[in-house]
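Remember, it's a predicted structure, so these values are computed and weren't measured experimentally.
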Amino acid sequence: MPAVNRGKQPSLAQLRAFAAVAEHLHFRDAAAAIGMSQPALSGAVSALEEALGVQLLERTTRKVLLSPAGERLAVRAKAVLDEVEALLEEADAVKAPFTGALRLGVIPTVAPYLLPAVLTLVHEKYPDLDLQVHEEQTSSLLEGLAAGRLDLLLLAVPLGVPGITELPLFDEDFVLVTPLDHWLGGREGIPREALRELNLLLLDEGHCLRDQALDICREAGRDDAPVTTTAAGLSTLVQLVAGGLGVTLLPRTAVRVETSRSSQLLTGYFADPAPSRRVAFAMRSGAARAAEYEELARALREVLRALPVRVL
């Protein structure tokens, strides 16, 4: 058997011509099947034989037969062409907007309160989108986005991280959650300065909401860290308040869900401008699917108008 000439690579056109002849065992029928002239088909098969260094066909005046090598390689040629077709189909699917997987990272102080709106939107408007949700703290989400493990983030901003583009969704106020017997419970127009004297319960280290609460305290003129008790999640934090251990700050989107767990709570509202946070999508700058993420942000803003937030 002649040695394979590694300097020449078979073309897809040559493989298609050979696969057609292998299927029909007739040059005229094979040429018609793939829309190629008979001389071009014959030339393509001959060029493939030269490139591979093997005889694929036995040609007679009356019919075409596959050589032993041709029988073996016909199977390989069909497999290659099938894979190329699958690649082209996958490329078409990727080009279609809102199809395939979208790996969304969400912070814990957003996930329980906004995911119902996000999931309903995706289910109703983008049914072909495979949304995969990952709940993690901000630092882990940013690492995942940079590494390509995640595609899009839903979290509090600003991030101040190079290479990341933010798509603002809304601003929401913080409210004060207190026990029933607290002097600020149920009040409106609470001055920020009141935070200077309160026993404020916070989330554990690593939660951005903790950092935001500390920033609010500093803006109110409180320099010490008002932390004696912490919790891993907002649900635990609110239960600690209900038990009389102190007060806490909740974003407005979390209030209905978290305060409904206990009858021993009241909410107080700050005077304008109330302390607030901004929630946004974040993506890698120059992301290939940036137009999709921007469209998703526009659609989500409309859905979020039903929540107690200021849509941007």
Side-chain angles (χ1 to χ4, degrees), residues 97-138 140-142 144-145 149-157 159 166-177 203-204 206-210 212-213 231-239 241-242 248-263 265 267 269 274-283 289 292-312:
F98 299 106
T99 59
L102 195 167
R103 298 163 297 178
L104 176 67
V106 192
I107 56 174
T109 59
V110 164
Y113 321 114
L114 294 191
L115 278 182
V118 174
L119 296 176
T120 299
L121 171 66
V122 170
H123 177 73
E124 294 181 352
K125 192 167 184 178
Y126 311 113
D128 295 325
L129 186 64
D130 176 19
L131 185 66
Q132 302 170 7
V133 177
H134 302 262
E135 184 185 58
E136 302 168 24
Q137 292 185 8
T138 299
S140 176
L141 293 181
L142 291 174
L145 187 67
R149 177 173 61 84
L150 298 173
D151 302 311
L152 187 65
L153 307 182
L154 180 58
L155 72 180
V157 297
L159 299 168
E166 298 170 7
L167 304 174
L169 297 171
F170 63 87
D171 290 336
E172 64 176 329
D173 292 341
F174 285 102
V175 302
L176 189 68
V177 180
L203 292 173
D204 293 336
H207 289 276
C208 62
L209 189 58
R210 170 195 174 94
Q212 291 161 353
L234 290 183
S235 296
T236 301
L237 203 60
V238 169
Q239 293 306 311
V241 173
T248 196
L249 295 172
L250 282 188
R252 283 291 300 271
T253 51
V255 170
R256 183 181 61 82
V257 172
E258 298 302 342
T259 59
S260 65
R261 303 178 192 274
S262 174
S263 60
L265 298 167
T267 53
Y269 298 88
S276 64
R277 72 171 179 176
R278 176 163 294 183
V279 173
F281 279 140
M283 63 181 179
R289 301 174 72 181
E292 287 180 61
Y293 302 154
E294 291 167 359
E295 169 58 28
L296 181 61
R298 284 191 290 269
L300 184 56
R301 289 187 194 106
E302 293 305 310
V303 172
L304 295 177
R305 294 187 187 281
L307 299 181
V309 299
R310 295 184 297 280
V311 173
L312 299 170

Item checked: Test side-chain contact (heavy atoms from CB on, under 4.5 Å) applied to Leu154 and Ile107, step by step -> CA-CA 7 Å; Leu154 180 58; Ile107 56 174; over 6 Å; no

Next item on the list: Start with the C-alpha distance between Thr109 and Arg277, add both sets of side-chain angles, then the distance that settles side chain to side chain donor-acceptor pair (under 3.5 Å), and finish with yes or no.
Entry: CA-CA 11 Å; Thr109 59; Arg277 72 171 179 176; 3.1 Å; yes

Note to self: With salt bridge (Lys or Arg N to Asp or Glu O under 4.0 Å) as the criterion, how do Arg149 and Glu136 come out once you've worked through the C-alpha distance, each side chain's angles and the decisive distance to 0.1 Å?
What the structure shows: CA-CA 13 Å; Arg149 177 173 61 84; Glu136 302 168 24; 2.9 Å; yes

Next item on the list: Could you please spell out the steps behind the side-chain contact (heavy atoms from CB on, under 4.5 Å) verdict for Phe170 and Leu114?
Entry: CA-CA 11 Å; Phe170 63 87; Leu114 294 191; 3.5 Å; yes

Checklist line | Step-by-step side-chain contact (heavy atoms from CB on, under 4.5 Å) determination, Thr267 to Thr259 | finding: CA-CA 8 Å; Thr267 53; Thr259 59; 4.0 Å; yes

Notebook entry, point to check: What's the verdict on side-chain contact (heavy atoms from CB on, under 4.5 Å) for Ser235 and Arg261, showing C-alpha distance, side-chain angles and the deciding distance?
Noted result: CA-CA 8 Å; Ser235 296; Arg261 303 178 192 274; 3.5 Å; yes

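Side-chain N or O atoms of Glu166 include one that pairs as donor or acceptor with a backbone N or O of Leu159 at under 3.5 Å. With hydrogens and angles disregarded, a donor-acceptor distance shorter than 3.5 Å links the side chain of Asp151 to the backbone of Arg103.
Atom OG1 of Thr248 and atom CG of Leu234 lie 7.5 Å apart (nearest 0.5 Å). The distance from the CG atom of Leu296 to the CG atom of Leu167 is 9.0 Å, given to the nearest 0.5 Å. Rounding to the nearest 0.5 angstrom, the gap separating the OG atom in Ser263 from the CG atom in Leu265 is 8.0 Å.
Looking at every heavy atom in both residues, Thr99 comes nearest to Arg289 through O-NH2, 3.3 Å. Across all their heavy atoms, Pro116 and Ala111 have their closest contact at CD-O, 4.2 Å. Looking at every heavy atom in both residues, Ser262 comes nearest to Gln239 through CB-NE2, 4.2 Å. Between Glu135 and Pro112, the shortest heavy-atom distance links the atoms OE2-CD, 4.3 Å. Smallest separation of non-hydrogen atoms from Ala282 and Leu145: O-CD2, 4.1 Å.
Under the salt bridge (charged side-chain N to carboxylate O under 4.0 Å, His left out) criterion, Asp128 pairs with no residue at all, not counting sequence neighbours. In this view, Tyr126 and Phe98 satisfy the ring pair (Phe, Tyr, Trp, His ring centres under 6.0 Å) rule, not counting sequence neighbours. Annotation: side-chain hydrogen bond (donor to acceptor under 3.5 Å, both in side chains) contacts of Glu295 (sequence neighbours excluded): Arg298. Arg256 pairs by the side-chain hydrogen bond (donor to acceptor under 3.5 Å, both in side chains) definition with nothing, not counting sequence neighbours.
No side-chain heavy atom of Leu249 sits less than 4.5 Å from a side-chain heavy atom of Val175. Proximity of Leu115 to Val110: side-chain heavy atoms (C-beta onward) are nowhere separated by under 4.5 Å. In this structure, Asp130 and Leu102 have side chains that are not in contact, with every pair of non-hydrogen atoms separated by 4.5 Å or more. For the pair Met283/Glu294, a side-chain contact is recorded, criterion being any heavy-atom separation below 4.5 Å from C-beta on.
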Pairs of donor and acceptor atoms involving the side chains of residues 300-312, under 3.5 Å and at least two apart or interchain, shall be tabulated with distances.
from   : atom 1 : to     : atom 2 : distance (Å)
Arg301 : NE     : Pro168 : O      : 2.9
Arg301 : NE     : Leu312 : O      : 3.3
Arg301 : NH2    : Pro168 : O      : 2.8
Glu302 : OE1    : Arg305 : NE     : 3.3
Glu302 : OE2    : Arg305 : NE     : 3.4
Glu302 : OE2    : Arg305 : NH2    : 3.3
Arg310 : NH1    : Asp173 : OD1    : 3.0
Arg310 : NH1    : Asp173 : OD2    : 3.3
Arg310 : NH2    : Asp173 : OD1    : 3.1

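The side chain to side chain contact (heavy atoms under 4.5 Å, CB included) test with His134 singles out one residue from Leu153, Val106, Leu104, Leu150, and that residue is Leu150.
A side chain to side chain donor-acceptor pair (under 3.5 Å) check over residues 110-121, counting only residues at least two apart or in different chains, returns the pairs Tyr113-Glu258.
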